[in-house]
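Just below is one structure, and these are the notes that go with it.
Predicted, not measured: the structure shown is a model, and the values here were computed from it.
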Amino acid sequence: MRIRIFLLAFLLGVISLSGAKAATYDEIMQRGNMVVAVYRDFPPFSYRQGENVVGIDVEVAKAVCQRMGLKAIIREQTAGETVSDDLRNVVWKGHYLEHNTADMMLHIPVDRDFMLSNSEAAIFAPYFRDRLAVVTDPEQISSYQGLDDFFDHKVGVEMGSLADQYLLTIHDGKLIDHVVHYRGLTKAVDGLFKKDVAGVMGVRSEIEGALSAQDRKYRVVPMTLPGLFNGEWVLGMAVKSSNRQLANAVEDVVAALIADGTIPAIFKSAGLAYIPAYEKQ
Amino acid sequence: MKFNTLLAGAVSVFALLASQTVNAKSVTDEDISNSAKATDQVVTNGLGTQGQRYSTLDKINPATISKLQPVWAFSFGGEKMRGQEAQPLVQDGTIYVTGSYSRMFAVDVHTGQKKWQYEARLPDDILPCCDVVNRGAALYDNLVIFGTLDAKLIALDKETGKVVWKKDIEDYTGGYSYTAAPLIVKGKVITGVSGGEFGIVGKVEARDAKTGELIWSRPTVEGHMGMLNGKDNGITGVTNASWPGDLWKSGGAAPWLGGTYDPETNLIYMGTGQPGPWNSHIRPGDNLYSSSTLAIDPETGKIVWSYQTTPHDGWDFDGVNEFVSFDLNKDGKTIKAGATASRNGFFFVLDRTNGKFISATPFVSKITWAKGYTKDGRPEYIDDNRPGAPTADGQKGKVVFSAPSFLGGKNWMPMAYSQDTKLFYVPSNEWGMDIWNEPVSYKRGAAYLGAGFTIKPLYDDHIGVLRAIDPSTGKIVWEYNNKAPLWGGVLATKGNVVFTGTPEGYLKAFNAKTGAEVWKFNTGSGVVGSPITWEENGEQYVAVLSGWGGAVPLWGGEVAKQVKDINQGGMLWVFKLPKS
């Protein structure tokens, strides 16, 4: 609560500090590297494998930098209470504990309202689409029909996630006793494997990544929230708003990496379906 | 003569080097028991474990205070400034004080010369929520003990600053931290834990102060198992009695401000934080023991009684604020009472032997969430003013105005109680908050349902109010209005003086009976620490930290406008009233 409030207040605030000085496009190209921030402990996008930070976002960052002739310096960032916090801490101001910012951050929602309320950051280069989904264990629920199935079973969620908030409130809270909270979606999917729960609701990409890591082929069903928003969102990248020249350059590179199949291949090699940010209708 | 002194000096230096810890005066259980009365040292947070922050010194009084003058000032140095919320300790010629960013300093009390400095090496993946403050240390034996932002408890040799033991209070990667001053009770060091994120569970723990070995652990959320000497020691409360589903497993209730101890009842009093998740509509029930005062047996860690200041908290009204023991004179009787000024705007008086409710009276001018308290000590909620459940309909939703704001009628800053005037001196703030549902929020790359908050002052000309409150009636005897929010602790003395600091940089003194301002000194940055007083060579001293920070400047809205021009700092100021 404290963290969330602090964040929001910051956004709304009159504290108009200019923040840390960001390296310009020219400076980045001249020094030959780009510092790219990814979330810490966030499989399948960015996580530790021994000493190395690996994952889809790390591969995307490296592909972008390589195409620009730059060395990618990957920086892990602990997630704050909201993405707006992360933008402030990583992209445009720096956290008060370590004031330096990264040149760019991945996995930032491309959403008009969100962009308007985070004008200190430039958000661009949508590179995939994500959504809420449900995975069920076929041995416990032979043919998943919908959330009402969980009146007879347990369903796992990541603590504090949209799935958590949603399941605790639907049917006037009657599902509460069936919802099992986990610290992270990977642990929730582990609970599914152990049959502690019959299903898991959460972010599609993270569920697919957790299934793929254990080589399981459970069915993942897109989840819509009846009567509410459609449960989908688009992810892109962010730089400090004064650095649009960098954003423009990266945007072109990302478009090319999607068109030539590089980014889709990164998703597929991690065991995920690649869903483009915007489907051609 | 001169030669002799030199020689003797040389010999004693040699002796000192040979057996430094033996020569140093250690802090005993008796020192701690006497800490409310001893005037030649300050060995506990709160000037006594009861937390009254009252001194029997009276040389500094309204008639003499104009002569109070600075003796020296000591800079914490480095680039690390931000909020300095600690209370200094004074013992055996040394001042021990913690600074922001988990630093500790030992300074010669006479000269201001630094003896040693310890800086905790903080991991680069911590993400503190609410500034990088530390609220002070504890002294015991030859040790000075303090906690760090990465949730470690560190005991240093108080003569050398070298680490004697170091223990994890919790795993910081799970969102835990530590900022409070530890409490010493009969050879044990008592700690709570901080944690702002959803998913943590609060706990109170006792360790052997000399070794750091864990003796007992008491979770503050019902359903969790306690521990004594490595064995199970009964669960806290009754599982699922006041929480739905498995939400008790992540219920919050962090006792992040530490506690007080009353030797007369032999009880530790700990306040607990708000329950999680913040949306109260999905956790119907009282959500024990969130937003409560707990009385804990120091030998076993068992909860002897509890009182919940805000049952089913939906406003972030932590119940962490200090519970101060005092003798209440009411209807011709003397009651062993305790008082706490809650974030929720009410001043509570309880029977400290059994937790029985005596009274709850407003100490701020506007409270929107409850009309008052019943005789049984239950709040009479105003249901319309409870923040709504977030929805995913893409609308901003209704804006609810709520007072006090989540920063509270009173926040962490400790109040004082005068044994002469029988009044409490409460640093309070007059502010409310707008709350609404955000149409769209994101957390680590995924959509979620968030709420928006912004804090607003209630009045144009002031936010902070220092109030003198009569605990027998709840009546406010006097008030001092301050433009910026008050965020520092209070000290009362037998000299009929009350000290507190302001964000504008002043250490101020007031006539304890009338509230008339009798002295002020600008320290150069905001004062958000807690002042102390003691006596050296027949002269009365006062010390306080200067260094603006804490939660207030991290906020936006209207409040930020009032404090944005205050410069940061990091300075220990020492004053005295000269003999002549």
Side-chain angles (χ1 to χ4, degrees), chain A residues 1-6 8-15 39-42 45 76-84 86 89 95-98 107-109 111 113-114 130 132 159-162 164-166 168-169 173 176-181 183 202-203 206 225 227-229 231-233 235, chain B residues 82 101 122 124-132 149 173-174 196-199 244-247 249-250 252 274 276-279 281-282 284 316 389-394 406 438-455 551 553-558 560-561 564:
Chain A
M1 184 65 166
R2 272 190 293 284
I3 299 182
R4 177 181 309 108
I5 294 163
F6 154 15
L8 265 161
F10 229 107
L11 294 175
L12 302 164
V14 290
I15 305 172
Y39 283 114
R40 177 176 275 115
D41 192 19
F42 187 43
F45 294 99
E76 292 174 282
Q77 184 65 34
T78 303
E81 191 82 352
T82 72
V83 177
S84 301
D86 301 330
N89 289 339
H95 189 264
Y96 51 77
L97 208 55
E98 35 174 344
H107 226 98
I108 303 300
D111 169 302
D113 289 335
F114 182 76
D130 219 332
L132 275 190
M159 232 174 242
S161 64
L162 179 58
D164 176 12
Q165 295 172 312
Y166 182 69
L168 292 188
T169 41
I176 286 182
D177 289 340
H178 297 262
V179 179
V180 181
H181 290 87
R183 288 165 205 276
V203 177
E206 293 179 63
L225 309 184
L228 304 173
F229 94 117
E232 281 192 292
W233 58 94
L235 282 309
Chain B
R82 306 200 74 90
Y101 295 88
L122 298 172
D124 58 10
D125 56 341
I126 62 168
L127 200 60
C129 76
C130 318
D131 207 357
V132 287
L149 289 166
T173 62
E197 280 180 66
F198 178 38
D246 71 350
L247 289 173
K249 289 184 180 169
S250 52
Q274 84 280 9
W278 64 272
N279 171 13
H281 297 268
I282 59 179
D316 196 8
T391 55
D393 59 5
F406 61 84
E438 283 285 308
V440 63
S441 301
Y442 292 93
K443 181 153 127 184
R444 200 173 66 175
Y448 88 114
L449 308 181
F453 302 78
T454 187
I455 292 190
L554 295 175
W555 260 266
E558 297 297 310
K561 283 182 190 164
K564 70 182 170 58

For [X] and [Y], work out which heavy atoms get closest and say how close.
X      : Y      : value
A:A79  : B:R444 : CB-CD, 3.7 Å
B:K249 : A:R183 : O-NH2, 3.9 Å
A:M159 : B:S250 : CE-CB, 3.6 Å

For the interface with chain B, which of A:I108, A:I176, A:D177 has the highest count of heavy-atom pairs at distances below 4.5 Å?
A:I176

Max heavy-atom pair count under 4.5 Å with chain B, selected residue of A:D41, A:T169, A:V180
A:V180

Distance in Å, [X] [atom1] paired with [Y] [atom2], rounded so as to fall on 0.5 Å steps:
X      : Y      : atom1 : atom2 : value
B:I126 : A:H95  : CD1   : NE2   : 8.0 Å
B:D124 : A:Q77  : CG    : CD    : 9.5 Å
B:H281 : A:L168 : NE2   : CG    : 13.5 Å

B:A446 backbone acceptor or donor facing A:D130 side chain under 3.5 Å
no

Is it the backbone or the side chain of A:V179 that comes under 4.5 Å from a heavy atom of chain B, or both, or neither?
backbone

Answer with side chain, backbone, both or neither: which region of A:E76 has an atom nearer than 4.5 Å to a non-hydrogen atom of chain B?
neither

Please step through side chain to side chain contact (heavy atoms under 4.5 Å, CB included) for the pair A:R40 and B:D125, ending with a clear verdict.
CA-CA 9 Å; A:R40 177 176 275 115; B:D125 56 341; 2.9 Å; yes

Intermediate values then yes/no, side chain to side chain contact (heavy atoms under 4.5 Å, CB included), A:H181 and B:L247
CA-CA 8 Å; A:H181 290 87; B:L247 289 173; 3.4 Å; yes

Heavy atoms, side chains only, cut-off 4.5 Å: are B:Y448 and A:T82 in contact?
yes

B:Y442: side chain to side chain donor-acceptor pair (under 3.5 Å) partners, not counting sequence neighbours
A:D111

